[in-house]
Structure formats: structure tokens, C-alpha cells
Amino acid sequence: MARVLCITLNPALDLAFNLDALVLGSVNRPTSAQLEAAGKGVNVARVLAELGHSVTVSGFLGSENDAPFALAFKQLGLADAFVRVPGSTRINAKLAEQGGRVTDINGPGMPINATHLQTLIDTLDAELSSAMPPQAVVVAGSLPPGLSLDGFCQLLEHLNASGVPLWVDTSGPALNAAIDAHPAGIKPNENELADWAGDTLDTTPARLAAAKRLHQSGIAHALVSAGAEGVLWVNAQGAWHATPPKVTATNTVCAGDTFVAGMLHGLLNQHDPERTLRFATALSAEAVRHVGVGNANAADFDSLQQHTRIRRLDDSITEGATL
Ligand SMILES: Nc1ncnc2c1ncn2[C@@H]1O[C@H](COP(=O)(O)OP(=O)(O)OP(=O)(O)O)[C@@H](O)[C@H]1O
Ligand SMILES: O=P(O)(O)OC[C@@]1(O)O[C@H](CO)[C@@H](O)[C@@H]1O
């Protein structure tokens with residue numbers, strides 16, 4: 001099993017409510033509520049740890065409410081390299097209705113300054129130059145207030161310079177900056193990538209063209225996801241489309257993070273591309289059936305994998321996928 005460093009610059013406590021139907025402007029009484037240490041990189045770390053990898057988590061945490069994170073990291077066996085900064089980590093509300101609609105209310109997060117960023121870079125340097133350095137680094141989620149795009153680029157350049165494959169999953173202007181940094185892997189969804197692509201990506205050919213452009217720009221693993229319509233993957237060995245199995249989607253919040261973790265799991269284990277993509281797609285479909293990340297130990301996980309459709313989109317030779 002591999003060592004992975006998962007960085008969440010703007011983590012969150014996710015407050016997930018299940019509601020029959022959300023009524024705006026009224027008192028809503030959810031049927032259940034759950035508070036969990038989260039944020040995209042933390043979610044990726046959860047999945048990888050459950051799959052048996054050795055995972056270190058880092059980023060910025062508010063020192064005033066870090067107890068639920070410390071507890072979750074202990075329970076999951078995650079090594080905690082988060083930099084504590086004054087203040088409270090944000091709380092993001094996830095309102096899931098019976099019909100499958102999910103409303104996310106994501107707070108801005110705690111302000112970060114240049115000293116905090118330098119402390120983080122020093123912390124990450126220590127991880128990267130340790131006797132057992134990570135075999136992959138993931139940076140996932142939005143940027144906290146005070147962390148400029150220049151600061152983000154500086155961080156990405158620094159991580160890239162270590163030579164460890166870097167995967168980035170973010171949105172908005174930070175996504176464009178990440179693409180320019182040429183990480184090893186990237187997985188925007190079709191809406192997040194539309195701005196960079198200069199077009200709506202509402203068809204498979206449009207998403208394939210965008211994924212090819214991403215790959216040609218120097219990104220080894222270009223992935224574009226589109227919810228239930230599946231995901232496109234372009235790398236040096238070829239191009240694939242995966243269609244997830246049909247499931248009842250009750251909470252899609254962690255689907256993308258589960259997918260990224262599933263891809264890394266396959267690549268780090270040097271599984272072939274089809275097996276890698278099938279596993280990641282089935283695991284992310286598993287995730288949308290409930291609150292939280294996907295569970296590869298679900299009783300019907302084999303069946304979910306069997307009902308995941310993988311299509312090769314080109315004629316090039318398939319070899320083992322590498323990170
Ligand atoms: N309704 C669904 N049914 C089956 N699988 C789904 C569904 N929604 C998402 N998935 C799976 O999850 C993967 C990622 O989903 P999506 O494209 O919504 O990513 P995302 O927008 O990054 O997710 P997130 O909500 O975590 O930010 C998809 O490629 C698919 O495999
Ligand atoms: O505001 P960001 O950083 O873009 O997204 C944060 C977030 O919505 O992403 C995860 C799901 O992917 C949640 O755990 C978390 O609340």
C-alpha cells in the first residue's frame with residue numbers, strides 16, 4: 001500500500017441534514033443531522049485510509065474547533081500535519097432532500113496570511129523530504145480568504161518541484177491556476193471546467209475534447225466528470241469513458257472526492273486503466289447512496305463494479321497505467 005499526502009487548504013465541518021423537502025423562509029425540521037470533519041482533501045484521505053493506504057493530512061485548521069478533526073484523524077489512522085491558525089474552521093451545510101436534490105452552503109473559511117502559508121510550506125517540505133516521502137500528493141478544495149492565487153501558485157510550484165506526482169481538484173480561478181501548473185492529475189466536473197474550456201461541456205464529445213486539451217497542455221491524467229453521465233479519462237495510454245451503475249442518489253456531496261481517491265488507489269497499485277477506472281467509478285456511485293464517502297466494503301460493491309460500463313475511445317495500445 002502507498003503513502004499519500006492529502007492537503008486541504010480550506011477544510012470544513014460538514015453539517016449534513018436530510019429533509020423531506022427544503023422550504024425556503026420556513027422552519028425546516030430534518031429527519032436526521034450529522035456533523036463530520038471534512039473538506040475535499042480530508043474526504044480523499046478518508047477513502048484512501050479505508051483502502052489501506054498510509055495517509056498524512058495537511059492544510060490549515062482553526063485552533064478553536066479542531067477537536068472533531070483530531071478525533072476523526074485518530075479514528076481513521078491519518079497522520080495529522082495540519083497547521084493550526086487562529087479562528088474556527090468553517091461549517092458547511094449540506095441540505096439533502098428526499099428527491100435527491102442537494103443544496104450546499106459553503107462558508108468562506110478562516111483568513112490565512114503569508115506567515116501561515118510559509119508555515120504550511122515548511123511543514124510540507126518536512127513531509128516531502130522525510131525518510132518515507134509520499135508517493136502522491138493531493139491538493140483539493142477551495143482557497144481560504146487571504147490565500148491569493150499567487151500564493152496558491154507558489155505552493156503548487158513548490159509541490160511540483162518535489163517530483164512527487166501532484167493531483168489537484170479545485171474550482172473557479174484556482175482551477176485555471178492549477179491547470180497552468182501542469183499537475184500529474186486533475187478532475188474538474190463539467191461545470192467547473194466550462195470557464196477554462198470557453199464552452200458549456202454538456203456532451204461527451206465536448207468533454208472528451210476538453211480532456212484531450214488538458215492532457216496536451218501537459219497534464220498526465222486529465223479527467224472530466226459529469227455526475228451520473230460518467231467520466232472521461234485521457235492519459236498517455238489512451239482515452240476512456242466510464243458510465244456509473246444506476247443507483248438512487250440521495251447525497252452526492254462526496255462523489256468527486258471518492259472518485260479521485262479511487263483513481264489514485266488504482267494507479268498507485270499499478271492496476272490496468274480499465275480496472276482503475278471501473279473501481280473509482282463504482283466507488284463514487286456507491287458514495288451517492290448515502291451521506292459521506294464511498295465504501296468499497298458495501299455488500300453489493302462487486303455488483304456495482306460489474307454494472308459500471310467502461311468504453312475505450314481510441315485505438316492506442318493499453319499498457320499498465322502509471323502515476
Ligand atoms: N447520480 C449519480 N449516480 C451514479 N454515480 C454518480 C452520480 N453522481 C456522481 N456519480 C459518480 O461520482 C463521480 C463524480 O461525480 P461528479 O461529476 O458529480 O463530481 P463532482 O461534481 O466533483 O462531485 P462533488 O459533488 O463531490 O463535488 C461521477 O463520475 C460518477 O462516477
Ligand atoms: O468549498 P469547497 O472547498 O469547494 O468544497 C468544500 C466541500 O463542499 O467539499 C466537500 C465535498 O466535495 C465537502 O466535504 C466540503 O464541504
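- With hydrogens and angles ignored, the 3.5 Å screen pairs a side-chain donor or acceptor of Ser162 with a backbone N or O of Val164.
- Nearest heavy-atom pair, Asn160 versus Ala181, reported as atom, atom and distance to 0.1 Å: ND2-O, 2.7 Å.
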Exercise. Apply side-chain contact (heavy atoms from CB on, under 4.5 Å) to Val139 and Leu156, showing your working.
Key: CA-CA 9 Å; Val139 176; Leu156 295 184; 4.3 Å; yes
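- Of all heavy-atom pairs spanning Leu268 and Ala136, the tightest one is CD2-CB, 4.3 Å.
- Cluster annotation: Leu277 is connected to Val138 through the hydrophobic network of ILVMFWY side chains, with a link wherever side-chain heavy atoms come within less than 4.5 Å.
- Using cut-offs of 30° and 60° on the angle between ring planes, the pair Trp233 and His221 is tilted.
- For Arg213 and Trp196, the positive end sits near the middle of the six-membered ring, less than 6.0 Å away and at most 45° from its axis.
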Quiz item: For Leu143 and Leu149, what are the C-alpha separation, side-chain angles and deciding distance, and is it a side-chain contact (heavy atoms from CB on, under 4.5 Å)?
Solution: CA-CA 8 Å; Leu143 307 189; Leu149 276 182; 4.1 Å; yes
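- Clustering ILVMFWY residues whenever any of their side-chain heavy atoms sit less than 4.5 angstrom apart, transitively, puts Val260 in a cluster other than the one holding Ile219.
- With respect to Arg278 and Glu274, a salt bridge is recorded, a charged nitrogen being found less than 4.0 Å from a carboxylate O.
- Clustering ILVMFWY residues whenever any of their side-chain heavy atoms sit less than 4.5 angstrom apart, transitively, puts Val44 in the very cluster that holds Leu13.
- Within the 4.5 Å cutoff, the side chain of Phe301 has heavy atoms near those of the Leu283 side chain.
- Contact detail for Thr258 and Ala287: the closest heavy-atom pair is OG1-CB, 3.7 Å.
- Atom CG in Leu313 sits 8.5 Å away from atom OG1 in Thr204 (nearest 0.5 Å).
- Taken from CG in Asp14 to SG in Cys254, the straight-line distance is 6.5 Å, to the nearest 0.5 Å.
- How far OG of Ser58 is from CG of Leu78: 12.0 Å, rounded to the nearest 0.5 Å.
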Practice problem: May I have the step-by-step check of side chain to side chain donor-acceptor pair (under 3.5 Å) for Asp125 and His158, ending in yes or no? | Solution: CA-CA 9 Å; Asp125 276 348; His158 201 80; 2.6 Å; yes
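- When side chains are defined from C-beta on, Thr250 does not count as touching Val288, because their heavy atoms never get closer than 4.5 Å.
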Self-check item: Verdict with supporting geometry, Cys6 and Val55, side-chain contact (heavy atoms from CB on, under 4.5 Å)
Solution: CA-CA 7 Å; Cys6 293; Val55 186; 3.9 Å; yes
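- Closest heavy-atom contact between Arg312 and Gly238: NH2-CA, 3.5 Å.
- At least one donor-acceptor pair under 3.5 Å links the side chain of Ser148 to the backbone N or O of Gly151.
- Leu22 is listed as a side-chain neighbour of Asn28, based on a closest heavy-atom distance under 4.5 Å.
- Formation of a donor-acceptor pair under 3.5 Å by the Asn269 side chain with backbone atoms of His271 is not found in this model.
- The side-chain heavy atoms of Asp66 and Phe82, taken from C-beta on, include no pair separated by under 4.5 Å.
- In this structure, Leu128 and Pro133 approach most closely via the heavy-atom pair O-CB, 3.4 Å.
- Of the possible polar contacts, one joining the Asn113 side chain to the His116 backbone as a donor-acceptor pair under 3.5 Å is found.
- For Arg46 (side chain) and Val293 (main-chain N/O), no donor-acceptor pair under 3.5 Å exists by modelled atom type.
- Counting heavy atoms from C-beta on, the side chains of Leu155 and Leu124 come closer than 4.5 Å.
- A donor-acceptor pair is defined here as one N or O able to donate and one able to accept, closer than 3.5 Å; no such pair exists between the side chain of Arg207 and the backbone of Val224.
- Around atom CZ of Arg275, no more than 12 heavy atoms belonging to other residues, nucleotides or ligands sit under 6.0 Å away.
- The backbone N or O of Pro11 sits less than 3.5 Å from a side-chain atom of Arg90, completing a donor-acceptor pair.
- Residues Asp104 and Asn92 are not in side-chain contact: their nearest non-hydrogen atoms beyond the backbone lie 4.5 Å or more apart.
- Following chains of ILVMFWY side-chain contacts shorter than 4.5 Å, one cannot reach Val137 starting from Val47, and the two form parts of different hydrophobic clusters.
- A search for side chain to side chain donor-acceptor pair (under 3.5 Å) contacts involving Lys187 returns Ser225, not counting sequence neighbours.
- Counting only distance, with no hydrogens or angles, the side chain of His241 and the backbone of Leu232 share no donor-acceptor pair below 3.5 Å.
- Of the possible polar contacts, one joining the Glu286 side chain to the Asn295 backbone as a donor-acceptor pair under 3.5 Å is found.
- Comment: Lys40 does not engage Asp169 in a salt bridge, judged by the lack of any side-chain N to carboxylate O separation of less than 4.0 angstrom.
- Atoms OG1 and CG, on Thr119 and Leu117 in that order, are 8.5 Å from each other to the nearest 0.5 Å.
- A pairwise comparison of heavy atoms in Pro244 and Gly230 identifies CD-CA, 3.5 Å as the closest pair.
- The line from CG of Leu35 to CD1 of Ile91 is 6.5 Å long, rounded to the nearest 0.5 Å.
- Within 6.0 Å of NE2 on His290 lie more than 12 heavy atoms contributed by other residues, nucleotides or ligands.
- Aromatic pair His265/Phe279: centroids less than 6.0 angstrom apart.
- Within the 4.5 Å cutoff, side-chain heavy atoms of Leu175 are placed close to those of Ile186.
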Practice problem: Could you check His53 against Arg3 for side-chain contact (heavy atoms from CB on, under 4.5 Å), going step by step and ending with a plain yes or no? | Solution: CA-CA 6 Å; His53 298 282; Arg3 294 178 303 280; over 6 Å; no
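- A donor-acceptor contact under 3.5 angstrom links the side chains of Asp122 and Gln118, judged on distance only.
- Between the side chains of Asn18 and Thr31, no donor-acceptor pair is found at a separation under 3.5 Å.
- Residues Phe17 and Val23 do not share a hydrophobic cluster, defined by chaining ILVMFWY side chains whose heavy atoms lie under 4.5 Å apart.
- Between Trp167 and Met263 there is a side-chain heavy-atom pair separated by less than 4.5 Å.
- From Ile121, atom CD1 reaches atom CG of Leu159 across 8.0 Å, with rounding to the nearest 0.5 Å.
- Look at Arg289 and Asp300 and you find a salt bridge, because one of the NZ, NE, NH1 or NH2 atoms lies within 4.0 Å of a carboxylate O, short of that distance.
- Between the side chain of Thr8 and the main chain of Gly59, no donor-acceptor pair closer than 3.5 Å is present.
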